[in-house]
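Quick notes on the structure that follows.
Computed from a predicted structure; not experimentally measured.
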Amino acid sequence: MCEKIDLRVKKTYIALYRSFEKLSKTKDFGDITVNEICDNAMVSKGTFYKHFTDKYDFLSFLIKHVFEDYINKAFKNAVSDNLCEYYKSFFLSLIDILEANKHSFKPADNSLAMGIALSHMVSAYYKLSEPLQKALSENERLNRFTAEYLSVLLILIIFNFAGGKSYNTDEIKLSISVLLEKLFG
């Protein structure tokens, strides 16, 4: 979840995350209190408030780090010199990661979570466009369009998973593969 931080702080963040994840399976975000998060995590309120201003600040922190973790794992799986294959492996890996972790939060709370996740999309946009910047620098308009298209695709995938909708991941993967082949083909 967090890199380059004190081990005690990291343990505190993990305990708070696990507590929140457990509570969010049975309660709406609005009904969860800082006291409950801290009690379940066995972390004092003073420690919580040393790191976060309120539960919304904590949720933003949590979504940012979980989202970054998922994106970074997907990028690690994206290895190819062919741009189409690179992005295909990224998106297919991201879908697998999201599918494996879809149980983490209740869909009822996801309008707030999705709003916060959108605020963290900028870093994902730059990571997505980086290989395009190197490979397509001679055609700036195509480069911008492709990066924006891939970013919108990323947002749609995350919204579908966060919305708790029932879908067939194999169909989504096939659709993404076909779209990427047409985009880069």
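Atom OG1 of T53 and atom CZ of F61 lie 12.5 Å apart (nearest 0.5 Å). For the atom pair CG of L92 and CD1 of I97, the computed distance is 11.0 Å after rounding to the nearest 0.5 Å. The NZ atom of K64 sits 4.0 Å away from atom CD of E68, with the distance rounded to the nearest 0.5 Å. Separation of atoms OG1 (T26) and CG (D31) is listed at 10.0 Å; rounding is to 0.5 Å.
Pairs of residues two or more places apart, or lying in two chains, that qualify as salt bridge (Lys or Arg N to Asp or Glu O under 4.0 Å) and include a residue from residues 74-93 are E85-K88, K88-E181. For residues 33-47, the salt bridge (Lys or Arg N to Asp or Glu O under 4.0 Å) pairs, not counting sequence neighbours, are K27-E36.
Residues meeting the ring pair (Phe, Tyr, Trp, His ring centres under 6.0 Å) test with F48, sequence neighbours left out: F52, F58. Partners of I176 according to the side-chain contact (heavy atoms from CB on, under 4.5 Å) rule, which considers only residues two or more places apart in sequence or in another chain, are F91, I95, L153, I157, I172, L180. Partners of N82 according to the side-chain hydrogen bond (donor to acceptor under 3.5 Å, both in side chains) rule, which considers only residues two or more places apart in sequence or in another chain, do not exist here.
Using a distance-only test at 3.5 Å, with no hydrogens or angles considered, a donor-acceptor pair links the side chain of K55 to the main chain of G30. For the pair S19 (side chain) and A15 (backbone), a donor-acceptor distance under 3.5 Å is absent.
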* Walk me through it: do L94 and F75 pass the test side-chain contact (heavy atoms from CB on, under 4.5 Å)? => CA-CA 8 Å; L94 180 62; F75 273 116; over 6 Å; no
* **Full working for side-chain contact (heavy atoms from CB on, under 4.5 Å) between I37 and L16** => CA-CA 6 Å; I37 296 168; L16 291 170; 3.7 Å; yes
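In this structure, V43 is a member of the same hydrophobic cluster as Y13, with clusters built from ILVMFWY side-chain heavy atoms closer than 4.5 Å.
A 4.5 Å side-chain heavy-atom check between S89 and N77 finds every atom pair outside the cut-off. Within the 4.5 Å cutoff, the side chain of F29 has heavy atoms near those of the F20 side chain.
Grouping Ile, Leu, Val, Met, Phe, Trp and Tyr by side-chain contacts under 4.5 Å, direct or through others, puts V178 with L174.
Between C38 and S44 the shortest heavy-atom distance is SG-O, 4.0 Å.
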